[in-house]
There are 4 protein chains.
Amino acid sequence: MQEAYVAQSLKEKHRQEREMLILEKAEEVFLEKGYYDTSMEEIAARVGIAKGTIYLHFARKDDLVVAIIQRDLEIFLNTIDAQIALVPTAREKLEVFIRAIYSGLFSKHTYLLSNMYNAIDIKRMIEEKQGCLRGLWEGLSSRVTYLLDEGKEWGEFDKQISTITMLRAFFALFTPRSYIHIYKQENPEEIVTSLIHIYFRGIAAPSPC
Amino acid sequence: MQEAYVAQSLKEKHRQEREMLILEKAEEVFLEKGYYDTSMEEIAARVGIAKGTIYLHFARKDDLVVAIIQRDLEIFLNTIDAQIALVPTAREKLEVFIRAIYSGLFSKHTYLLSNMYNAIDIKRMIEEKQGCLRGLWEGLSSRVTYLLDEGKEWGEFDKQISTITMLRAFFALFTPRSYIHIYKQENPEEIVTSLIHIYFRGIAAPSPC
Amino acid sequence: MQEAYVAQSLKEKHRQEREMLILEKAEEVFLEKGYYDTSMEEIAARVGIAKGTIYLHFARKDDLVVAIIQRDLEIFLNTIDAQIALVPTAREKLEVFIRAIYSGLFSKHTYLLSNMYNAIDIKRMIEEKQGCLRGLWEGLSSRVTYLLDEGKEWGEFDKQISTITMLRAFFALFTPRSYIHIYKQENPEEIVTSLIHIYFRGIAAPSPC
Amino acid sequence: MQEAYVAQSLKEKHRQEREMLILEKAEEVFLEKGYYDTSMEEIAARVGIAKGTIYLHFARKDDLVVAIIQRDLEIFLNTIDAQIALVPTAREKLEVFIRAIYSGLFSKHTYLLSNMYNAIDIKRMIEEKQGCLRGLWEGLSSRVTYLLDEGKEWGEFDKQISTITMLRAFFALFTPRSYIHIYKQENPEEIVTSLIHIYFRGIAAPSPC
DNA sequence: CATGAATGAGTTTTCATTCAT
DNA sequence: CATGAATGAAAACTCATTCAT
């Protein structure tokens, strides 16, 4: 029994590892070539498995995309929460948030995320399957919304500006998009800092004078 | 001879009209269905010509996209210049600029523009052919850059923030993207006004006090 | 105008010829290999055209089958009517009918017809599309029904046996099926004659004595 | 040793039971979905075993079909012999035979049998493997042949008609086929009776007058 | 010039069969 | 023995592009 249980667990672990590997490589190719120019064949080749094997994990090509986005969002949310806890003010928390979007591991993930989500073709596709993603998207915006409200409360942000507008400006400014390639040529750190600066000035509470 | 010239000219005119019609309809379908789900067949059908005829004007499907973007940018630039001339300050000019992006005839064009340009698949495609677009893009950003610099000069904008950063924030905030669908459900006018508000506060020159 | 009309007509004629050729060859391959083991590729190869060209005429593989059956039935019905007109009695007419099923051109067609119609897989497929075939099937059975009734009237067939039963026995006996391969090894003519003999004795009006 | 033998025997028994179960379920699915639309996966699922296990019993998918037909024929022959023994005349025996084909347990089996055997795709498959079936088919026809000859001897059937012809008519009339669905809507019993009536009149010895 | 029939490479997806565990 | 993950061949179908008419 114990043995069987372990075996099961091992198999399941192997299965999940493989699944992650597929997502990993699929994301890679999607990033390089885009959704339509990526063939299941190529993904399989990159993973080093047969085409059919992918279908054991993901029934359709679009399921792959959804799964990738889902995973990226989950990873992002999990990490961001830990990081946010380490700084005190709403403003600082949002700053951490923004830098997380751009930096480290996430720049790749968020890049795909937003690029694919922005692609009109993909968008339609995702909208159909959005059931499973909606929750995660909301997890994202609710966090930002909460922080913006908190900032207002504490007098950091302007109460005159509606939170929803701030939220929109937030995502508009801090979703890496097509212009990202410009970034690569310069110091991204610096650029992000500048954008953060502008954003917080834009929503700052009016100075007392 | 003269006659022949006129005939030639007429033909040429007809040719250009048809070309415009193709672009018109192609843009329409691309907007509705996305690049990959749009077939040359359907474009031809909407124009009311044969598939092959499109190829007399545009050698490949992607050339169509490039031509559309090119045309949209040209139209946009021409119109924007006229509109900008009507208001005095840099800030007002930029505001006109921004509203032009979102409103009226252009909302459709810029929507396509940015959506397609954001689509990772399309982006690669365009990058290859960007030669012909680079000029127009620069026309766009040079205008904004100029206005930003002018605003700095006149003490409207903060000289501490580099113009390039302001430019980036400008395009980040004012490129309609996937979240546009949210817009449709509310008052877009209002949203744009809010974003403008935030932006100009973000880059405003520090108050004297 | 006249010219254009002729051109149109020529093209249409060419189109129909090609369509017939496809049906011809498709039927051939279906007969040889069966529905599932026949690839569009092979049909195309036999016709000497590209795979895609078939799809210009028939949107799906099953449409091909339906079209074949349709054509075969039409040809059969047209020919049978002419032949039936030449003999006087109901019994003779039915005999002509039966021989037509087995002989000459039709043996091939009816063979496919019944074989495919009998195949459980194909049957399901056809049932879905049967709209277009039902009329033809009824054309077939109504003719036989009519002749059987006429034969009863004239005292050739037994009025005690319901026409529907006679009809059923008719199609049971005279639909070439799997055992046809036995036929090939002997004299089919003779066998058909024997079956006809049995059938008509089976449904004959009781002798007066 | 003895023990080992018993164990072996038990295992063997278990093995055979499982084999029968596979055949049972496979027949079920084949009947429902047809050969090509039935996957090994589904058969396995219905049996409650793994896909691979089927292959321990049957090397290929088509072997399954052959085995099913084989089993059905064997069952049929065994049962029919017992039933035939209970009635005296050749005609009555044949009638029992015919009703057995249509009724009770066998309707299902013979339905599959004939449907699959009629399916042109399947036919080819079976022809290749017919070695193992030929014997059983002959068991079937030899019984009918024997009864037909006996009937002739006893003056029940017409000696003018060759036995082989009678045999053919027999199988033609009494093999349930595609039109079986008509049967379901009416009283099958009655229809069979009518067909039997026609058949025996068709091959009856001429009345003395 | 305009047409649209023809092409055929390329894609997703399925599933019988194998074989390491 | 039993399993079921992995394989990869095969097939239907699409559509940008070409080119004879």
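Every chain is numbered from 1 and lettered A, B, ... according to where its sequence line falls, protein lines coming before strand lines.
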Rounded to whole angstrom units, what separation is found between the CG atom of C/Leu56 and the P atom of E/dT3?
18 Å
In this structure, how many angstroms lie between the P atom of E/dT12 and the CD atom of A/Glu42, rounded?
11 Å
A/Ile22 has an atom CD1; how far is it from atom C1' of F/dA6, in whole Å?
11 Å
Rounded to whole Å, how long is the line connecting atom CZ of A/Phe58 with atom P of E/dT12?
15 Å
Provide, to the nearest angstrom, the distance between the CD1 atom belonging to C/Ile54 and the P atom belonging to F/dT14.
13 Å
A correct dot-bracket answer for DNA chain E, with pairs being Watson-Crick or G-U at under 3.5 Å, [ ] for crossing pairs and | for inter-strand pairs, is .||||||||||||||||||||
Assign a letter to each nucleotide of nucleotides 15-21 of chain E from its 5' end: B, base within under 4.0 Å of a protein heavy atom; S, sugar-phosphate only; -, no contact.
-SBB---
For A/Glu74, what residues pass the side chain to side chain contact (heavy atoms under 4.5 Å, CB included) criterion, not counting sequence neighbours?
A/Gln70, A/Leu136
Step-by-step side-chain contact (heavy atoms from CB on, under 4.5 Å) determination, C/Tyr35 to C/Leu64
CA-CA 10 Å; C/Tyr35 179 75; C/Leu64 253 181; over 6 Å; no
Point-to-point distance, once rounded to the nearest 0.5 Å, from CD of D/Glu27 to OG1 of D/Thr38
11.5 Å
Just call it for D/His57: base, sugar-phosphate, or nothing, with non-hydrogen atoms closer than 4.0 Å on any strand.
nothing
Validation: residues 43-54 of chain C side-chain donor-acceptor distances under 3.5 Å, sequence neighbours left out:
from	atom 1	to	atom 2	distance (Å)
C/Arg46	NH1	C/Glu28	OE2	2.9
C/Arg46	NH1	C/Glu32	OE2	3.1
C/Arg46	NH2	C/Glu32	OE1	2.8
C/Arg46	NH2	C/Glu42	OE2	3.3
C/Thr53	OG1	C/Ala50	O	3.4

When the distance from CG of C/Leu21 to P of E/dA6 is rounded to whole Å, what number comes out?
11 Å
CG-CD1 distance between A/Asp62 and A/Ile68, expressed to the nearest 0.5 angstrom
11.5 Å
Mind checking the CZ-NZ spacing from A/Phe30 to A/Lys25? Nearest 0.5 Å is all I need.
14.5 Å
Using 0.5 Å steps for rounding, measure from the CG atom of B/Leu23 to the CD1 atom of B/Ile69.
11.5 Å
Ring of B/Tyr55, cation from B/Lys61 - is the NZ or CZ under 6.0 Å from the centre and inside 45° of the axis?
no
What's the closest nucleotide to the side chain of D/Thr53 if the choices are F/dT3, E/dT3, F/dA6?
F/dT3
Nearest-angstrom distance from the residue atom CZ of A/Arg18 to P of F/dA5
11 Å
Listed by chain and number, what are the side chain to side chain donor-acceptor pair (under 3.5 Å) partners of D/Glu19, not counting sequence neighbours?
D/Arg15, D/His57
Closest-nucleotide ordering on DNA chain F, the 5'-leading residue of A/Gly48 and D/Arg15:
D/Arg15
Between D/Glu19 (CD) and F/dC1 (C1'), how many Å, whole number?
15 Å
